[in-house]
Amino acid sequence: MVFARRAAPRAAFSPTVAPLKILFVSPEVEPFVKVGGLADMVGSLPKTLAALGHDVRVVFPAYGGLRLDSSWRARPEPLGVDVGTSAHWARTWESVLPDSRVPVYALEHEGLFGRPEVYAGPWGNHADNDLRFAFLCRGALNLCLQLGWIPDVAHAHDWTTGLLPVLLNTTLRHTPLGGVASVFTVHNMEHQGYADRRVLDFAHIPPSEFRPDSTESGGAVNQLKAGLYHATKLTTVSPTYAEEIKTPAGGHGLDAVLRFRSADLVGILNGIDAAVWNPAMDRFLPRPYDQRSLVVGKRAAKLALQERLGLDADPHIAVFGVVSRFAAQKGLDLVAEALPHILDRMHVQFAFLGAGDPGLEQTFRWAAENYPGRVGVHVGYDNALAHLIQGGSDFFLMPSRAEPCGLTQMYAMRYGTTPLVRATGGLIDTVAQYVEGKGEGTGFRFHDATAPALYNTVGWACATYYDRPDELQAMRLRGMDRDFSWGPNARRFEELYGWAVAARRAAG
Ligand code: ADP
């Protein structure tokens, strides 16, 4: 059966290293399944690498909620996956990443992936997450064998794929996959995938790997640590976060491992999918805009946003937008604490989109009820609204306690929306501090993770909005001028893959 493939863009650059075969294995891939920024990266970097001339393929689980359009076809032969003690089979679905020729494969297994959620159901994390994602790792590698396609590099992401480099170094070392180099990207140190040691048996990893300089941590298997020890090269998603995680404060118990491996660890800033997040082509905006039409375009988007969230229609009021997981890491408890004080003293509106912590959801709903027309909340996941908030807000709030990279502040700048961020991780690398009267900066940064610090900075942003609109307009344009696309950073991955392949070969 022939299935639809859209024309791929022509190669934009010539490769700096010989074309490589690169396997991406991830629990999330935009636009098919997304929980956070990991999906954005895995949905966009492979396309840029393919445009550089590399043969890139992506494998992820076919969760129960995955919608398979007519571009997907089932591979005729079942995929045997070497896990557990009895035969395990998967059905493999195949398509391409949109607007590319990058093949994507979704592994279907009713028992492990039939549920719609990625990590957690209504009662918390799935108890068999260790087995589910071990299956993904082993299934992705078995698929390569079935396809007769042996990658040069396998690129794994976060704890869910931490056992993949272990498999390559141990169980599969003396197989046709034994020469495959691995790159392991940490998107977030806070999630480490602790599991019972049964997962090693399930994945056919030798019990001898249950030791502190491999997979063991505190008497359990730590899958993030396993990836950190075993991958040929390590990356994380911003240069500042690469430094932070080597400290006790940022390492979440694994800083010593990261210091041990620091020669192999590189911080490469995530790029954004500049075709998807482009205000000039955004179908979710009432009137797409570029730098020349910024004022009229944003005004239309602001009114549409106000209407969508039940805010008072007012083109002149300063609107602060939030699109985020509602989690302590994102510092939204600081917003919750400062919110009544801000609303009582400043002429502002807030637009919240997100879900997560029930306490935060309740607080923002409470604010919407008590400040009608000034606070709008949508609890849940809504891609169209995420785009509208980026276009229709004046400021984008991101007071994160920790932020490995953060994508939404980059989207905001692309949309001429000024970010207001806490100075941490990737937010330091992407948002330059505004300096009054100097024509410098792309946003507002604050240092202390406290509600008063946030309150003061919101006040500073408001004063700039109402008293120095020309300066704010110039800052918006500076933000729109920044190039956050993958271009240069995909080149850094290309270089890193080259080093990984050379190191793997040298290891024999
Ligand atoms: P993280 O990965 O820590 O959640 P990032 O800023 O790196 O944070 O990426 C978050 C991604 O998820 C962005 O693309 C953002 O637009 C999207 N997102 C987060 N929450 C929602 C939501 N409720 N609805 C739609 N998109 C969301």
Side-chain angles (χ1 to χ4, degrees), residues 122 284 286 298-401 408-409 412 417-422 443-444 446 448-467 472:
F284 299 115
K298 273 196 93 61
R299 177 182 286 235
K302 183 189 273 192
L303 287 171
L305 175 61
Q306 288 169 329
E307 191 181 333
R308 169 74 176 76
L309 285 182
L311 298 166
D312 294 337
D314 179 352
H316 304 297
I317 195 167
V319 177
F320 287 76
V322 171
V323 179
S324 179
R325 289 183 289 120
F326 289 172
Q329 182 212 325
K330 297 291 183 182
L332 293 176
D333 52 316
L334 306 178
V335 179
E337 193 181 332
L339 196 59
H341 307 285
I342 295 170
L343 288 162
D344 288 342
R345 295 180 182 82
M346 299 181 209
H347 187 51
V348 292
Q349 291 179 347
F350 281 86
F352 290 101
L353 168 63
D357 183 295
L360 287 171
E361 291 179 2
Q362 208 178 336
T363 305
F364 297 139
R365 281 194 175 117
W366 171 89
E369 276 163 29
N370 284 275
Y371 294 88
R374 295 186 61 206
V375 177
V377 183
H378 179 85
V379 173
Y381 186 88
D382 187 330
N383 186 44
L385 183 56
H387 283 250
L388 188 59
I389 290 178
Q390 293 289 4
S393 305
D394 297 294
F395 300 100
F396 191 84
L397 263 187
M398 224 168 154
S400 306
R401 292 173 189 282
T408 43
Q409 81 281 11
T417 302
T418 302
L420 192 161
V421 304
R422 195 174 93 74
F444 298 88
F446 67 101
D448 298 342
T450 62
L454 173 67
Y455 174 90
N456 288 337
T457 314
V458 170
W460 184 22
C462 274
T464 310
Y465 180 88
Y466 290 113
D467 302 339
L472 184 61

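Remember, it's a predicted structure, so these values are computed and weren't measured experimentally. In what follows, every heavy atom counts, from backbone to side chain, and hydrogens, waters and symmetry copies are set aside.
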Would you check if the side chain of [X] reaches a backbone N or O of [Y] as a donor-acceptor pair within less than 3.5 Å?
| X | Y | value |
| --- | --- | --- |
| D394 | V319 | yes |
| Q390 | T408 | yes |
| Q349 | V375 | no |
| E361 | G356 | yes |
| T417 | S393 | yes |
| R422 | S400 | yes |

Which heavy atom of [X] sits nearest a heavy atom of [Y], and at what distance?
| X | Y | answer |
| --- | --- | --- |
| V322 | I389 | O-CD1, 4.0 Å |
| D314 | L303 | N-CD2, 4.2 Å |
| Y466 | I317 | OH-CA, 3.6 Å |
| A461 | F444 | CA-CZ, 3.7 Å |
| P286 | L388 | CD-CD1, 4.0 Å |
| M346 | V458 | SD-CG1, 3.8 Å |

Within the 4.5 Å heavy-atom criterion, are [X] and [Y] side-chain neighbours or not?
| X | Y | result |
| --- | --- | --- |
| F446 | W460 | no |
| L360 | K330 | no |
| H316 | H347 | no |
| F396 | V323 | yes |
| T363 | V335 | no |
| T464 | F395 | no |
| R401 | D333 | yes |
| V348 | L343 | yes |

Rounded to the nearest 0.5 Å, how far does [atom2] of [Y] lie from [atom1] of [X]?
| X | Y | atom1 | atom2 | result |
| --- | --- | --- | --- | --- |
| R365 | E369 | CZ | CD | 9.0 Å |
| F352 | L332 | CZ | CG | 7.5 Å |
| L353 | L309 | CG | CG | 8.0 Å |
| L472 | D467 | CG | CG | 11.0 Å |
| L334 | L454 | CG | CG | 6.0 Å |

*Are T418 and Y465 close enough, and set up right, to give a side-chain contact (heavy atoms from CB on, under 4.5 Å), and what steps lead you there?*
CA-CA 10 Å; T418 302; Y465 180 88; over 6 Å; no
*Step through it carefully: locate the ring centre of F350, locate the ring centre of Y371, and say whether they are under 6.0 Å apart.*
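No - the distance between ring centres of F350 and Y371 does not fall below the 6.0 Å cut-off.
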_Aromatic ring pairing Y455/H341, orientation class (parallel under 30°, perpendicular over 60°, tilted between)_ =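 If you compare the ring of Y455 with that of H341, the planes turn out perpendicular.
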*asked:* Using 30° and 60° as the class boundaries, would you call the ring planes of H387 and F284 parallel, tilted or perpendicular?
replied: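 Aromatic pair H387/F284 classed tilted.
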